[in-house]
Amino acid sequence: MQKELSKRPSNDLSNLVIRFSGDSGDGMQLTGMQFSDTSAMMGNDIATFPNYPAEIRAPQGSKYGVSGFQVQISDKDIFSPGDELDLLVAMNPAALKANIGDLAPGKTLLVDSDAFSEKFLKKSGYRSNPLEDGSLDAYRLIAVPMTKNTQKALEDFDMDRKAKFRSKNMYTLGIVYWMYGRDLDHTIEFLEQKFEKKPLIKEANQLVLRAGNIYAQNLELIATHYQVRPASLEKGHYRIIRGSQAIAWGLVAAAQKAEMELFFGSYPITPASDILNELVKYPELSVKAFQAEDEIAAVSSAIGSSFAGDLGVTSTSGPGLALKGEAIGLAMMIELPLVIINAQRGGPSTGMPTKTEQSDLLQALYGRNGESPIIVVAAHSPSHCFDMAFEAARLSIEHMTPVLLLSDGFIGNGSEPWLIKKLEDLPTIRKNVAQDPENWTPYTRDKDTLVRQWAVPGMKGFEHRVGGLEKHEKTGNVNMVPLNHEAMTKIRAEKVKRVENNIPALRVHGVQSGPLLVVGWGGTFGALFTACKEIREEGQEIAHAHFDYINPFPKNSAEVFSAFKTILVCELNAGQLVKQFRSSFPKMNFIQYNKIQGLPFTNGELKNKFMSILSSGEDL
Amino acid sequence: MQKELSKRPSNDLSNLVIRFSGDSGDGMQLTGMQFSDTSAMMGNDIATFPNYPAEIRAPQGSKYGVSGFQVQISDKDIFSPGDELDLLVAMNPAALKANIGDLAPGKTLLVDSDAFSEKFLKKSGYRSNPLEDGSLDAYRLIAVPMTKNTQKALEDFDMDRKAKFRSKNMYTLGIVYWMYGRDLDHTIEFLEQKFEKKPLIKEANQLVLRAGNIYAQNLELIATHYQVRPASLEKGHYRIIRGSQAIAWGLVAAAQKAEMELFFGSYPITPASDILNELVKYPELSVKAFQAEDEIAAVSSAIGSSFAGDLGVTSTSGPGLALKGEAIGLAMMIELPLVIINAQRGGPSTGMPTKTEQSDLLQALYGRNGESPIIVVAAHSPSHCFDMAFEAARLSIEHMTPVLLLSDGFIGNGSEPWLIKKLEDLPTIRKNVAQDPENWTPYTRDKDTLVRQWAVPGMKGFEHRVGGLEKHEKTGNVNMVPLNHEAMTKIRAEKVKRVENNIPALRVHGVQSGPLLVVGWGGTFGALFTACKEIREEGQEIAHAHFDYINPFPKNSAEVFSAFKTILVCELNAGQLVKQFRSSFPKMNFIQYNKIQGLPFTNGELKNKFMSILSSGEDL
Amino acid sequence: MSETIQYTHKDMASDQEVRWCPGCDDYVILRAVQRALPKIGKKREDIVFISGIGCSSRFPYYVETFGMHSIHGRAAPIATGVKLANPDLSVWMISGDGDSLAIGGNHFIHVLRRNIDLNIILFNNEIYGLTKGQFSPTSKLDQITKTSPYGNTQPPFNAGALAMGANARFFARVSGNSLKEMQTLFVQAEKFRGSALIEVMQNCPIFNEGAFDVYNDRAQRPNTQLFLEHAKPMIFGAEKNKGIVLKGLKLEVVTIGENGVVEEDILIHDAHEPDPTLHTMLVKLVNPIITGIIRSVDELTFGDRFIGQMNARKSAANGKTFNDLVVSGETYYLK
Amino acid sequence: MSETIQYTHKDMASDQEVRWCPGCDDYVILRAVQRALPKIGKKREDIVFISGIGCSSRFPYYVETFGMHSIHGRAAPIATGVKLANPDLSVWMISGDGDSLAIGGNHFIHVLRRNIDLNIILFNNEIYGLTKGQFSPTSKLDQITKTSPYGNTQPPFNAGALAMGANARFFARVSGNSLKEMQTLFVQAEKFRGSALIEVMQNCPIFNEGAFDVYNDRAQRPNTQLFLEHAKPMIFGAEKNKGIVLKGLKLEVVTIGENGVVEEDILIHDAHEPDPTLHTMLVKLVNPIITGIIRSVDELTFGDRFIGQMNARKSAANGKTFNDLVVSGETYYLK
Ligand SMILES: Cc1ncc(C[n+]2csc(CCOP(=O)(O)OP(=O)(O)O)c2C)c(N)n1
Ligand SMILES: Cc1ncc(C[n+]2csc(CCOP(=O)(O)OP(=O)(O)O)c2C)c(N)n1
Ligand code: SF4
Ligand code: SF4
Ligand SMILES: [Mg+2]
Ligand SMILES: [Mg+2]
């Protein structure tokens with residue numbers, strides 16, 4: 001289904017941040033997704049941030065069962081789900097309690113007044129009803145008896161109370177759609193397909209959606225009716241893509257581009273599971289998604305598949321990456337393509353599985369025995385996940401070495417518009433396939449890249465053995481000679497170093513030199529970019545550089561750094577990239593800004609920090 | 001058996017380096033051990049370095065089957081097995097070929113001329129017989145038909161040829177004993193006990209030992225008869241100790257000192273296995289040495305034992321450490337004592353299992369998901385292994401956190417005299433046992449050290465649950481609140497940082513400020529110390545500081561560094577500690593010297609390097 | 001036990017709110033454990049629960065004893081360490097089908113092989129609950145799950161058969177909604193010295209609703225499930241007229257009173273028979289499914305052997321300490 | 001195979017010097033493999049050997065095919081990846097008792113469960129060879145080894161029984177010094193579609209000399225070993241007069257001609273019987289030990305199911321590519 005939208009002019013709000021929150025059973029993720037998809041289809045740029053609890057279904061109304069979905073929509077390119085909420089939707093007291101702190105006075109609050117029963121109030125720790133005790137006076141409170149209205153709308157439907165209750169989120173969505181001038185079409189159609197085989201449920205949801213919409217239209221209470229006009233995104237054919245889906249698709253694209261089959265060995269773990277959940281859908285695209293018995297088997301099967309000529313990929317999150325270290329070392333040693341995707345989550349140990357964090361960088365770089373360099377790259381937004389998954393595969397195949405792609409729960413679960421790429425739009429991937437068995441040994445290398453020539457089973461005359469023991473520089477036979485080991489160790493390091501010739505230069509957003517360079521990596525891109533842009537718009541000199549490539553660093557990194565007086569490295573960890581910088585660029589001076597709360601940076605805290613540095617003028 | 005030795009005066013050689021080399025079946029390790037034990041008992045200081053092949057028993061006479069054992073004996077304190085050989089013993093052509101490069105012209109070479117058969121010469125790649133073709137003219141060559149002589153000595157023994165052949169090493173030892181004026185007593189007695197139940201073999205070996213000794217005595221060929229007089233070691237009661245044995249004993253001592261039982265969960269891996277092989281001997285000392293099904297089970301069982309109140313310890317080498325990362329993260333998170341011993345070997349991957357290297361430092365520091373700081377310490381010599389194993393246990397118990405002790409194949413297999421320590425000579429270990437269930441929560445902490453109070457099953461009123469999920473700062477209950485996570489992350493880091501208050505300051509050997517500070521860690525101590533000392537003896541200013549404590553660094557580290565113009569960090573890896581230094585002391589300037597050959601530093605290469613820096617006078 | 005303590009099930013509940021989905025069988029298992037514990041004659045402080053990761057593995061939080069919610073798949077070796085550190089503790093291992101048969105498979109077979117004295121409750125819901133619905137090593141062939149949208153292609157383990165292959169000495173199976181039976185089995189498991197494995201057919205209403213309905217459903221159960229009792233005939237059925245007989249090397253279901261079958265023809269259950277052949281056959285039956293204690297064979301536990309060896313060496317060594325060790329063998333004096 | 005190649009065993013030897021201890025059975029196994037390979041009708045370039053770590057795992061270096069000497073315990077999943085990447089390859093997994101039953105135990109049971117089409121040679125020497133003599137999960141109780149100076153306290157696995165518990169479809173056992181029998185078995189394993197596990201009773205003269213003498217010794221063997229053949233009676237003995245009969249649920253050894261036993265009483269071996277009960281009983285016999293192919297039951301391989309599902313979806317999808325994927329579902333144009 002493709003729609004054509006022209007940008008319709010409007011002089012309303014230029015961007016809008018909404019957070020839907022409720023019980024994990026309230027369907028807030030779906031509601032939020034619908035709202036953002038609809039907005040994207042209407043031409044807005046969007047950025048989303050789901051934030052869900054560790055429990056599958058926590059008891060109804062409990063604090064730790066609160067599930068949230070935040071979306072920013074805009075008429076300009078945006079890069080983060082925003083942090084100043086315009087609207088907070090709270091389906092019950094627990095959701096209100098958990099989220100009200102993020103709503104500034106004067107902003108709008110939409111609640112289901114039916115959910116503020118004594119029982120639920122108590123469960124969430126309220127002594128009196130905030131809808132009545134005046135404590136919400138600072139907000140534009142819109143209290144709607146959504147539960148009752150939903151039940152009423154469905155009076156004539158032959159369904160039990162529980163089933164009816166479940167469509168309440170559509171009532172909420174109907175209200176919100178009216179508030180922000182969104183079309184119902186997309187969601188109506190979505191329901192059409194989703195419940196194709198359950199016509200009763202389909203009709204009920206569609207009816208409730210319209211009922212909410214009409215209710216809002218008719219009700220005087222709703223005073224503000226904003227409309228966000230389409231964004232100035234590049235023209236073209238779009239779709240909404242989630243980060244983990246984008247990773248999956250990037251891998252599929254790379255395999256097809258390289259004319260290989262994609263072998264994906266994985267073991268479920270939050271938040272990486274979604275990549276596996278996505279890839280299992282595509283056997284028809286020659287995707288072999290193999291759910292292994294554990295992480296070690298997952299990465300090992302991927303290595304085996306690479307040895308036999310597939311594009312071997314594995315995915316995991318922090319604790320799983322810890323288990324894969326030894327096998328990654330093997331892949332590095334035998335110099336085979338292998339892509340490892342690590343969707344980071346809050347650590348250490350089991351940590352905070354559903355929260356986001358950037359604390360696996362050092363593990364990615366060093367979590368193996370011996371001198372074991374591999375390529376490390378990072379994705380910085382949901383749609384960028386596509387590019388970097390493709391890129392990880394490209395580098396791995398072209399350089400015959402493992403590539404570790406860092407993503408995180410924030411961008412993996414987030415979604416945004418993606419300008420559709422077809423195979424012909426993507427760069428070529430050059431495989432180093434051995435040609436001539438006479439002049440070949442397993443470690444025959446390209447003079448420039450130091451990449452060895454690949455020979456896979458089935459290629460006559462290329463029979464050979466590889467393994468984890470040190471091997472002779474030329475023949476590849478097991479070899480324990482001291483100087484050979486030193487030579488091989490250096491070759492392995494140099495091979496990865498030279499990847500810098502095959503990756504783009506580091507880009508600086510904003511001024512190319514000046515008082516302050518903000519540096520980040522991974523999922524903080526949107527927040528850092530936006531904060532810097534806004535500061536520039538306020539007339540200050542500030543620049544932002546984002547490291548998508550971490551090992552090796554882009555060639556021009558030192559040059560970029562040297563053009564700025566202060567370099568501030570912002571990370572959602574205790575300072576991991578900055579550690580790398582300090583050891584790799586020992587003559588330079590780095591300061592750091594860290595947040596370790598399982599949450600993304602907010603625009604406000606970043607701007608505060610940046611401004612305070614800019615205004616101090618000190619050489620830090 | 002205790003002997004009293006007085007230092008007997010001698011004006012001969014003050015130190016002596018011998019390398020015994022032969023087939024792995026030739027018993028060179030045993031021969032070398034006997035020589036060094038005897039020398040130690042005669043009052044010398046000794047330092048040994050076994051270097052054996054990856055194969056269990058490689059085919060006889062083959063290059064990769066060469067096994068070596070080097071020992072330095074001295075009348076002064078020594079700290080390394082030396083690198084300028086005085087005598088090379090080569091039992092066959094392959095051994096000669098592999099080792100002759102390390103023998104300087106003019107030095108002595110002792111060979112079994114019977115082994116230089118056409119077959120063995122060919123196997124080892126010699127075109128002509130080096131004993132005859134003049135290629136060894138530069139050396140004092142002593143060629144003895146050891147095989148024939150041994151067979152002859154045993155003519156009357158009712159044993160097969162093979163069994164007789166096996167005692168040839170005693171013939172060699174007999175010769176070498178005579179050359180360096182060593183007593184036969186120790187070895188005679190050793191054979192007495194070893195073959196207590198096989199009188200024939202015992203007698204054969206004893207006879208052959210004497211035969212070799214007599215042969216040497218009678219033979220004009222042996223011109224040089226050195227004698228090394230006893231060393232000026234501290235007075236006291238000594239024994240010879242191997243590094244891995246010293247680790248085992250240090251753990252036993254710590255457990256007894258802390259009045260705990262020692263639980264040792266391990267899975268065999270070279271070169272760590274020897275610690276397990278040693279500890280299984282001592283159930284009578286309440287040592288529970290549990291051989292698990294794999295490394296993960298090994299560390300997990302140790303964690304379980306700690307939870308229940310034992311001193312939980314696990315040991316491994318690089319590839320095994322990679323597998324333990326996740327579980328170490330758990331121990332860090334639940335803040336229990338756990339000692340992890342990593343006996344490093346040549347990496348990456350399976351690498352060079354029987355060779356030495358220092359390339360697991362970054363893995364030790366960062367090989368886990370999330371922000372997961374643990375204490376990392378290193379042993380620097382065979383006898384120091386005892387101290388550091390004890391120290392690792394002490395810190396782990398006192399600070400309720402995992403401690404990772406890095407050792408390596410070089411010091412683990414090496415041996416030296418150890419001034420016997422008894423329990424009363426060792427420091428107290430303070431356990432933080434919870435006392436009062438009323439005012440206790442699992443994360444009640446000491447204000448100064450931030451150490452939590454330990455309560456183990458069986459303690460009434462202290463029932464509680466721990467786990468890998470983030471927990472509330474006070475109650476220890478599962479908690480996902482953003483600021484709590486940040487607080488806990490910082491507490492965990494700070495807790496480890498404060499260990500600096502419980503460890504000795506960094507010591508500088510030699511001048512306390514000046515042009516050059518040589519820095520090292522782990523098994524390079526002896527080589528670095530000796531090279532620096534010798535350079536000082538030559539009148540140059542040079543200092544040496546060795547990091548036994550790596551995380552946290554000793555408090556005075558920055559101060560020490562700042563007193564020197566140049567800091568040279570020497571490591572048997574591609575530069576791992578120096579990376580840490582650069583990121584931890586960003587204002588300071590470090591240069592590095594690395595060797596990645598699976599071998600220790602030699603005195604010569606170190607002195608060359610140091611002298612070239614000292615003489616360049618440049619600010620590097 | 002010197003002191004006798006009278007606990008009720010309430011004493012066994014911690015102050016933590018239980019966080020499973022409404023309707024999950026895990027609640028029933030929890031209740032059964034909390035009711036069984038007061039009957040085992042152990043003090044709370046002498047009881048330890050060790051779990052891995054999974055929905056089921058949240059269990060220790062809810063029991064007022066010592067406990068650890070560890071990492072995925074590693075409950076077995078951790079529990080092993082606990083037991084070896086302090087053999088007097090009652091140690092319970094809590095685990096799921098993913099936790100114990102996927103990532104933890106190796107530890108699972110080794111803990112059984114060694115016969116560590118643990119009570120192991122395997123919450124088998126034939127799905128990965130916590131990660132939201134991927135197939136597990138016990139999911140059925142062709143089952144549609146989040147990671148098998150076109151049907152599962154991995155033939156499942158039979159948990160009991162795998163356990164038998166690993167030389168399990170005690171194996172029981174029970175419905176996840178049978179509070180009473182579970183309670184009894186848990187008490188018996190604790191009494192058993194060695195690894196006592198109880199597989200619970202646990203319904204996960206969210207991701208694998210009804211997987212065990214044919215066995216667990218109260219109405220169908222009499223005809224689909226045979227709850228074994230030692231020394232009793234293997235009789236089941238709503239009318240107590242069905243039974244199991246051995247025909248050659250196969251088990252067959254017969255009806256008493258039909259084709260001349262009389263009650264005496266029915267097999268008598270012997271849980272203590274050391275030869276596992278019949279137990280293994282029973283474990284694999286699917287119609288009816290066999291529940292209750294299928295196997296319970298006394299043998300030395302690992303603790304008996306390992307700690308036993310230690311104690312024997314200790315008494316032979318007569319109070320030897322570290323100080324004796326360091327002066328044993330060859331030492332020398334320098335003066 | 002379009003082209004027929006005539007290899008000799010010499011074509012199967014690589015140029016690498018073999019580095020096992022003199023007298024090690026590993027040499028015999030290597031020779032058997034090198035002699036079997038020319039008979040399987042596969043080109044050298046279509047054969048892959050994957051091993052873990054251990055003495056035995058050096059094996060791939062010595063065979064002139066593709067090969068990988070991987071990491072400890074992980075040969076099974078690596079071989080799985082190889083086979084799924086290219087189902088046309090003949091994939092051999094080489095592993096030791098430590099490699100497959102200690103650290104690799106989980107992969108071992110899962111590879112059997114899935115029935116990946118591999119030939120698995122388990123070099124069981126009941127010891128860790130490469131690390132110089134620690135006990136393994138198949139070492140005997142009370143065995144003295146480097147890590148059990150006072151006797152091993154861990155009851156061993158029976159490798160075959162564990163495999164049966166994991167639903168092995170093919171299991172064979174053979175003496176490590178029987179070049180001929182091994183050769184035949186290896187060819188039969190390759191012919192079998194699915195996981196074909198061959199346990200070799202491999203003598204390690206250095207660390208566990210004589211562990212299998214009672215079975216492998218040429219003189220004793222006729223009376224201690226029964227080499228099964230499908231459809232033949234289970235008869236053995238120097239005088240071919242001993243046999244196995246079933247008494248209830250137990251196997252018994254009888255002598256033909258004594259107590260009225262006649263040849264017809266002896267069990268006939270049926271390797272293809274899907275019910276594993278009798279196979280499991282045979283696997284556990286110790287006197288005599290049972291060798292030959294104990295079980296060989298055809299079933300879909302994992303490749304059949306997994307690659308089969310892929311191919312079915314592919315033909316249904318009619319050449320769908322990535323370009324179709326990206327425009328499927330909801331997309332929109334911005335102008
Ligand atoms: C090392 C590691 N790998 C994967 C995960 C993700 N994970 C958590 S629980 C689980 C499986 C849950 O299934 P099961 O053990 O059957 O327990 P259930 O939730 O069904 O009770 C997985 C894959 C993890 N936490 N850690
Ligand atoms: C991760 C890891 N753990 C441990 C080892 C050490 N190791 C190498 S082989 C081996 C066991 C060898 O026994 P087995 O598999 O029976 O093979 P064998 O040598 O007897 O043929 C061990 C423990 C290793 N190389 N890697
Ligand atoms: S997901 Fe399933 S197993 Fe997990 S708590 Fe919910 S119902 Fe129970
Ligand atoms: S140690 Fe044993 S198994 Fe290993 S090569 Fe030597 S004899 Fe063979
Ligand atoms: Mg489950
Ligand atoms: Mg073995």
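Side chains are part of it too, since the values below use all heavy atoms of this structure and drop only hydrogens, waters and symmetry mates.
Taking every heavy atom of both residues into account, Arg313(C) and Pro283(B) meet most closely at CG-CG, 3.7 Å. Closest approach of Val287(B) to Met310(C), counting heavy atoms only: O-SD, 4.2 Å. Closest non-hydrogen pair, Ala40(B) versus Tyr332(C), comes out as O-CE1, 3.0 Å.
Considering CG of Leu84(C) and CG of Asp310(B), their distance stands at 8.5 Å, rounded to 0.5 Å. Interatomic distance, CZ of Arg74(C) versus CD1 of Ile296(B), reported as 4.0 Å (0.5 Å rounding). A distance of 8.5 Å separates CD1 in Ile53(C) from CG in Leu330(B), rounded to the nearest 0.5 Å. Of the inter-residue distances, the one linking Thr475(B) atom OG1 with Asp15(C) atom CG reads 8.5 Å to the nearest 0.5 angstrom. Once rounded to the nearest 0.5 Å, the distance linking CG of Asn106(C) with CD of Glu293(B) reads 5.5 Å. Atoms CG and CE, on Leu334(C) and Met42(B) in that order, are 12.0 Å from each other to the nearest 0.5 Å.
Most heavy-atom pairs under 4.5 Å with chain B: of the set Phe49(C), Phe66(C), Phe306(C), this distinction falls to Phe66(C). When each of Ala312(C), Gly73(C), Ser14(C), Gly67(C) is checked for heavy-atom pairs under 4.5 Å with chain B, Gly67(C) comes out on top. Heavy-atom pairs under 4.5 Å with chain C peak, among Asp294(B), Ile334(B), Ile303(B), at Asp294(B). Ranked by heavy-atom pairs under 4.5 Å with chain C, the first of Phe307(B), Trp249(B), Phe462(B) is Trp249(B). Ranked by heavy-atom pairs under 4.5 Å with chain B, the first of Ala317(C), Ser57(C), Ser70(C) is Ser70(C). Heavy-atom pairs under 4.5 Å with chain C peak, among Ala308(B), Ser300(B), Pro417(B), at Ser300(B). Among the candidates His107(C), Gln16(C), Arg113(C), Lys320(C), the residue making the largest number of heavy-atom pairs closer than 4.5 Å to chain B is His107(C). Here Ser305(B) is the residue among Gly309(B), Ser305(B), Gly467(B), Ser306(B) with the most heavy-atom pairs under 4.5 Å with chain C. Ranked by heavy-atom pairs shorter than 4.5 Å toward chain C, the options Pro457(B), Gly458(B), Ala297(B) are led by Pro457(B). Between chain B and the residues Pro60(C), Ser51(C), Ala75(C), the most heavy-atom pairs under 4.5 angstrom are made by Pro60(C). Interface check for chain C: of the options Arg239(B), Met260(B), Arg465(B), Glu261(B), the most heavy-atom pairs under 4.5 Å are formed by Arg465(B).
In this model, no donor atom of one side chain and acceptor atom of the other lie less than 3.5 Å apart for Asn323(C) and Gln256(B).
Looking at heavy atoms from C-beta onward, Glu45(C) lies in side-chain contact with Glu463(B) at the 4.5 angstrom threshold.
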Inset, instruction - Test side chain to side chain contact (heavy atoms under 4.5 Å, CB included) on Lys288(B) and Ile307(C) and set out the steps. - result: CA-CA 8 Å; Lys288(B) 299 171 195 163; Ile307(C) 305 291; 4.2 Å; yes

Inset, instruction - Evaluate the side chain to side chain contact (heavy atoms under 4.5 Å, CB included) criterion for residues His237(B) and Thr331(C): first the C-alpha distance (whole Å), next the side-chain angles of each, then the deciding distance (0.1 Å), finally the verdict. - result: CA-CA 7 Å; His237(B) 192 182; Thr331(C) 66; 2.8 Å; yes

Inset, instruction - Just do the side chain to side chain contact (heavy atoms under 4.5 Å, CB included) check on Arg58(C) and Leu469(B) with the steps written out, would you? - result: CA-CA 10 Å; Arg58(C) 283 189 160 263; Leu469(B) 287 166; 4.1 Å; yes

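In this structure, chain C has a heavy atom under 4.5 Å from the side chain of Ile420(B), while its backbone stays farther away. Residue Lys257(B) does not touch chain C at all, counting heavy-atom pairs closer than 4.5 Å. When heavy atoms are compared at a cutoff of 4.5 Å, Tyr238(B) approaches chain C by way of both its backbone and its side chain. Both the backbone and the side chain of Val326(C) have a heavy atom closer than 4.5 Å to some heavy atom of chain B. Using a 4.5 Å cut-off between heavy atoms, Ala327(B) touches chain C through backbone and side chain atoms alike. If you measure heavy-atom distances from Val91(C) to chain B, you find no contacts under 4.5 Å at all. With a threshold of 4.5 angstrom between heavy atoms, Ser286(B) approaches chain C through its backbone and through its side chain. Looking at Ala246(B), there are no atoms closer than 4.5 Å to chain C (heavy atoms on both sides), in backbone or side chain. Heavy atoms of Ala302(B) lying under 4.5 Å from chain C are absent altogether.
Residue-environment remark: CD (Glu424(B)) exceeds the threshold of 12 foreign heavy atoms within 6.0 Å.
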